Structures are given as C-alpha cells and as structure tokens.
Amino acid sequence: MSRSIDYGNLMHEAMRGLIRKVLLDVCDRGLPGDHHFFITFDTSHPDAELADWLFDRYPGEMTVVMQHWYDNLEVTEEGFSVTLNFGDAPEPLYIPYDAIKTFVDPSVEFGLRFETQSDEEEDSEPATTSLHTTPPPKPVVKDAEDKEEKPKDADVVSLDSFRK
C-alpha cells in the first residue's frame, strides 16, 4: 500500500486557518477600513447552527455579509459564531470552518473558494482551493424585500457569479 500527501486537504486546512486568524483579528480589533466579508456556507452541515426560518429559506447554502453591523463574534478552533441582522431581525449563527464554501473580501479583491469532488465523481483529483486575484463581481441580492433604498447592515447575497 502506497502513502501519498493529501495536498488538497492540507491546503484547505491552511486556508481555513487563515480565515480563523482574520476573524480573530476582527474579534479583537474590529474590521479595519473598508474591509468586509461575504461568507458562503453549507447550511446543512451537521455542526452549522442557524434559525429554523433561515434554514427553511436557505436549505443548501447561504451567504452572509459581515460589514457595518455584527455582534457577539466569537472565534474557536472549529468555527465561529456571530449575530447578524436579517431585515432588522438579529440572528445568531454558528459556522464551522469546514462548512465554508467561499470567503471573499471585495475591498481588497481577495477570495477563497473551497471546492470538493462530489461523491458521484469517480476520478481521483484532489479537492482544490482557488484564490481570486481579479475583482469579484458585485453580488446579486436574492430577495426583492432586501432591495429597499435604505442601506442594510447585513444582506444575504448570492455568489453564483463566482462559480465557473
């Protein structure tokens, strides 16, 4: 039996460590300048915690924005919890790092996308991590009620335009 180095999982672990370090810094010192994050995660991950109404609305994945208003940010080795505002309804979330699909900071044109092979695919390609170095497109707001003229503290957006 031959042993091999699992570069895909090692890269994922390193990139999730980067996200953890960034969130720890934000937890300690706040978001600097124009920095803000679009974080897409798997809502069906067994360790993800979100309100039932949010899970019903986003049963597969959800994108949250950490920008002007967020509260109770706590960062652990396995994930982070944060309270975000959804149409004037503050809701606590717990997002495990391994549930994250994309992490984007458009203020500095930085993004990570975690890709994994589906269980149906039989090829032996490892999972990969993509680094965006070009400006990400503007996210599309999913719901008409989120298109009000007044600025929102945190909106749920779709990052489908990031996918190839």
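Counting begins at 1 with the first residue of the sequence. Nothing here was measured: the structure is a model prediction, and the numbers come from that model.
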Reported CD1-to-NE2 distance for the pair Ile95 and His45, which is rounded to 0.5 angstrom: 11.5 Å
Given the rule in the side-chain contact (heavy atoms from CB on, under 4.5 Å) test, do Leu50 and Glu91 qualify, once you have shown the distances and angles that lead to the verdict? CA-CA 8 Å; Leu50 61 156; Glu91 289 289 348; over 6 Å; no
Contact check, side chains of His36 and His68, non-hydrogen atoms, under 4.5 Å: no
Worked verdict on Tyr70 versus Val64 for side-chain contact (heavy atoms from CB on, under 4.5 Å): CA-CA 11 Å; Tyr70 61 91; Val64 294; over 6 Å; no
How about Asp52: does its CG atom have over 12 heavy atoms from other parts shown lying under 6.0 Å from it? no
Where Tyr97 and Arg16 come nearest, the two heavy atoms and their spacing: O-NE, 2.7 Å
Close side-chain approach of Phe38 to Thr40, heavy-atom, < 4.5 Å: no
Scanning both residues in full, the closest heavy-atom pair of Pro59 with Asp56 reads CD-O, 3.8 Å
For a quick test of reading the model, state the closest non-hydrogen atom pair linking Asn9 to Asp6 and the distance between them. ND2-OD2, 2.6 Å
Are Ile39 and Phe80 close enough that some pair of their side-chain heavy atoms sits under 4.5 Å apart? yes
Taking C-beta and beyond as the side chain, do Tyr94 and Thr76 meet within less than 4.5 Å on heavy atoms? yes
Of all heavy-atom pairs between Leu54 and Phe86, which one has the smallest distance, and what is that distance? CD1-CE1, 3.9 Å
Interatomic distance, CZ@Phe55 vs CD@Glu49, rounded to 0.5 Å, equals 13.0 Å
When you compare the side chain of Leu23 with that of Met66, does any pair of heavy atoms fall below 4.5 Å? yes
Taking all non-hydrogen atoms of both residues into account, name the closest pair between Trp69 and Pro90 and its distance. CH2-CB, 4.0 Å
Could you check whether any side-chain heavy atom of Phe37 comes within less than 4.5 Å of a side-chain heavy atom of Leu31, counting everything from C-beta outward? yes
Would you say that Phe103 contacts Met15 through its side chain, given a criterion of any heavy-atom pair below 4.5 Å between the two side chains? no
List the steps, then state whether side-chain contact (heavy atoms from CB on, under 4.5 Å) holds for Val22 with Phe110. CA-CA 12 Å; Val22 167; Phe110 176 81; over 6 Å; no
Do Glu78 and Asp47 have side chains that get closer than 4.5 Å, going by heavy atoms? no
Heavy atoms from other residues, nucleotides or ligands near CG of Asp34 exceed 12 (cutoff 6.0 Å): no
Minimum heavy-atom separation for Asp42 and Gly60, please, with both atom names. OD1-O, 3.1 Å
Take Ile100 and Leu112 through the side-chain contact (heavy atoms from CB on, under 4.5 Å) test and state the conclusion after the steps. CA-CA 10 Å; Ile100 295 175; Leu112 300 171; over 6 Å; no
